[in-house]
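Within every chain, numbering begins at 1; the chains are lettered A, B, ... in the order of the sequence lines, protein sequences first and strands thereafter. The structure presented is a predicted model; accordingly, all values stated were derived computationally and were not measured.
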Amino acid sequence: MKLNLKIWRQKNNKSKGMIHDYVLDGVEEDMSFLEMLDYLNNKLLNEGKEPVAFDHDCREGICGSCSLFINGVAHGPEKGTTTCQLHMRKFKDGETVYVEPFRAKAFPVIKDLIVDRSSFDRIQQAGAYISVNTSGNTQDANSIPIPKQNADEAFNAATCIGCGACVASCKNSSAMLFTSAKVSQFSLLPQGQVERESRVLNMVNQMDLEGFGACTNTGACEAQCPKGISVKNIARMNREYIMANVKK
Amino acid sequence: MLNSSIGRKLIMALSGAFLIIFLTQHLLINLTSLIPDNGKLFNIISHFMGNNPVVQFVLQPILIAGVIIHFTMGMYLEVLNQRTRQVSYIVYSGKSGASWASRNMIISGLVILAFLIMHFYDFWVPEMVYKYVEFNPLDENRYFHELQEKFYKGGVVKVIMYCVSFILLGLHLSHGFSSSLQSMGINKGPIKLITVLFSVLVPLGFIIIAIFHYTTTNIH
């Protein structure tokens, strides 16, 4: 198949980027979207041109590295899928495909389609952990009874891969879905109770410091999240945050 | 807390929830004007609301403060949120998973604000002038006739303006009702169903009242 690619090219964080047009012939429908970009880059290298820079790592849909905004949607047109698991059979022969980086003030572009998502790392560092001394007498986790619903909801929240699609799709570039998933996965389990209040206060504070917007509950984040993280986690984080402030 | 992103949304949610409660009681009172008793019950309730000192000097200022807080915080959040994406997408499918109402609360909100100014000019300002500027004598039976007169004299244009505003109010509520609960940390139970019912029935009630008084007063 033949594609008319319109790809955002930007030399570095300081320069002003723009869309470049590429006509790519010979794309196979079984290629993943990243393999299609590999194919394009091979062609560009053979022509002595600079390849398109894009983020990728596991190519199994679990690392959260790939971060492309394809035809106006984070990770492209297939619901519940990361860009690496999106295949070219989802596109038509002759289709025009816009490829842009995830855009947010808190996700500055490093080069072409690669953005700096270290703001997510700093939010995690602010509280998404459990401080436990492993002195040798640690209780077997399986011996602690946890209600099934809590275990399921904590596990679902923990499936967040931190890709940033929620920020990219939100009209306010809000990181509430990501932060709430990280808060929820601990607040629902007994191991997370010790730092329950300080965790949510510190993580929300860091989220605001990074320059993400406020949540207006449009639900675009949940709709475009490749892991289907529910906005119910945002409601839970709001509750946790309000209660933590009341107890403070 | 109130200076955080969640705190600001909580202020929006609480002021919005307060306005929703006010809107409900406003509709219930106005619905009494449809009862075929020549406005008797409507006059009794309106007289109480217009002359009870608690309603006039405690609840009314709180209501006006609620409107101002909701509007000011809404505008402030809009400005802050606009700054979070310095370079816009060339192609952005914002509608993916997000309703028009949820993405355009500022538009429906501004239309409602414009309506409120018109509504205050129609009813609240003349009421304040009647009571506190001209010091007219108390008349317990004037409210129903004033209501009919407003819609009759305003003509079809005013009725259409009211109806369009109520449709925008419905859209605002269709997102705002559930969103306020979400911001307060409540996302359990049939919230979506209650939101849909409330955002359809309340504006519809106001539309019926406006059309009813315009058409029936016109006939007489």
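Contacts of A:F212 with chain B are made by backbone atoms alone, with heavy-atom separations under 4.5 Å and no side-chain atom involved. A:P101 touches chain B through its backbone: at least one of N, CA, C or O sits under 4.5 Å from a heavy atom, while the side chain does not. Interface residue A:V167: only backbone heavy atoms are found under 4.5 Å from chain B. For a residue to count as touching a neighbouring chain, one of its non-hydrogen atoms must lie under 4.5 Å from one of that chain's; by this rule B:M105 does not touch chain A. Looking at A:C170, only its backbone comes within 4.5 Å of chain B, counting heavy atoms on both sides. Neither the backbone nor the side chain of B:L181 comes within contact range of chain A, judged by heavy atoms closer than 4.5 Å. For a residue to count as touching a neighbouring chain, one of its non-hydrogen atoms must lie under 4.5 Å from one of that chain's; by this rule A:D208 touches chain B with the side chain only. Contact of B:S178 with chain A is not made at all, since no heavy-atom distance falls under 4.5 Å. For a residue to count as touching a neighbouring chain, one of its non-hydrogen atoms must lie under 4.5 Å from one of that chain's; by this rule B:R83 touches chain A with the backbone only.
Between A:R117 and A:D121, no side-chain nitrogen of the basic residue sits less than 4.0 Å from a carboxylate oxygen of the acidic one, so the salt-bridge criterion is not met. For the pair B:D122 and B:K150, the salt-bridge criterion is not met [side-chain N within less than 4.0 Å of a carboxylate O]. With salt bridges taken as basic N to acidic carboxylate O contacts below 4.0 Å, one links A:D112 and A:R9.
Among A:E100, A:K105, A:K232, the residue with the largest count of heavy-atom pairs under 4.5 Å with chain B is A:E100. Contact tally against chain B (heavy-atom pairs below 4.5 Å) for A:A106, A:A74, A:A168, A:C215: the top residue is A:A168. Interface summary for chain B: among A:W8, A:F107, A:F69, the most heavy-atom pairs under 4.5 angstrom belong to A:F69. Among B:V87, B:V91, B:I186, B:L10, the residue with the largest count of heavy-atom pairs under 4.5 Å with chain A is B:V91. Per-residue counts of heavy-atom pairs under 4.5 Å with chain B were compared for A:G213, A:S174, A:C221, A:G17; the largest is that of A:G213. Taking A:N71, A:T216, A:V109 one by one and counting their heavy-atom pairs under 4.5 Å with chain B, the maximum is reached by A:T216.
The closest donor-acceptor contact from the side chain of B:S174 to the backbone of B:L171 lies under 3.5 Å. Looking at A:N233, its side chain does come within 3.5 Å of a backbone N or O of A:S230 through a donor-acceptor pair.
For B:Y143 and B:F42, the ring centers sit 6.0 Å or farther from each other. Proximity of the aromatic rings of B:F206 and B:H26 is defined here by a centroid distance below 6.0 angstrom, and this criterion is met. Ring pair B:Y162/B:F151: centre-to-centre distance below 6.0 Å. Between B:H213 and B:F144, the distance from one ring center to the other falls under 6.0 angstrom. Taking the six-membered ring for Trp and the full ring otherwise, B:Y152 and B:Y214 have centroids separated by 6.0 Å or more. Aromatic pair A:F178/A:F120: ring centres closer than 6.0 Å.
Here the CZ-CZ distance, from A:F33 to A:F54, works out to 9.5 Å after rounding to the nearest 0.5 Å. The structure places CG of B:L77 at 11.5 Å from CD of B:Q82, a figure rounded to the nearest 0.5 Å.
At a heavy-atom separation below 4.5 angstrom, chain B is approached by A:M237, A:N238, A:R239, A:Y241, A:I242, A:N245 within residues 236-248 of chain A.
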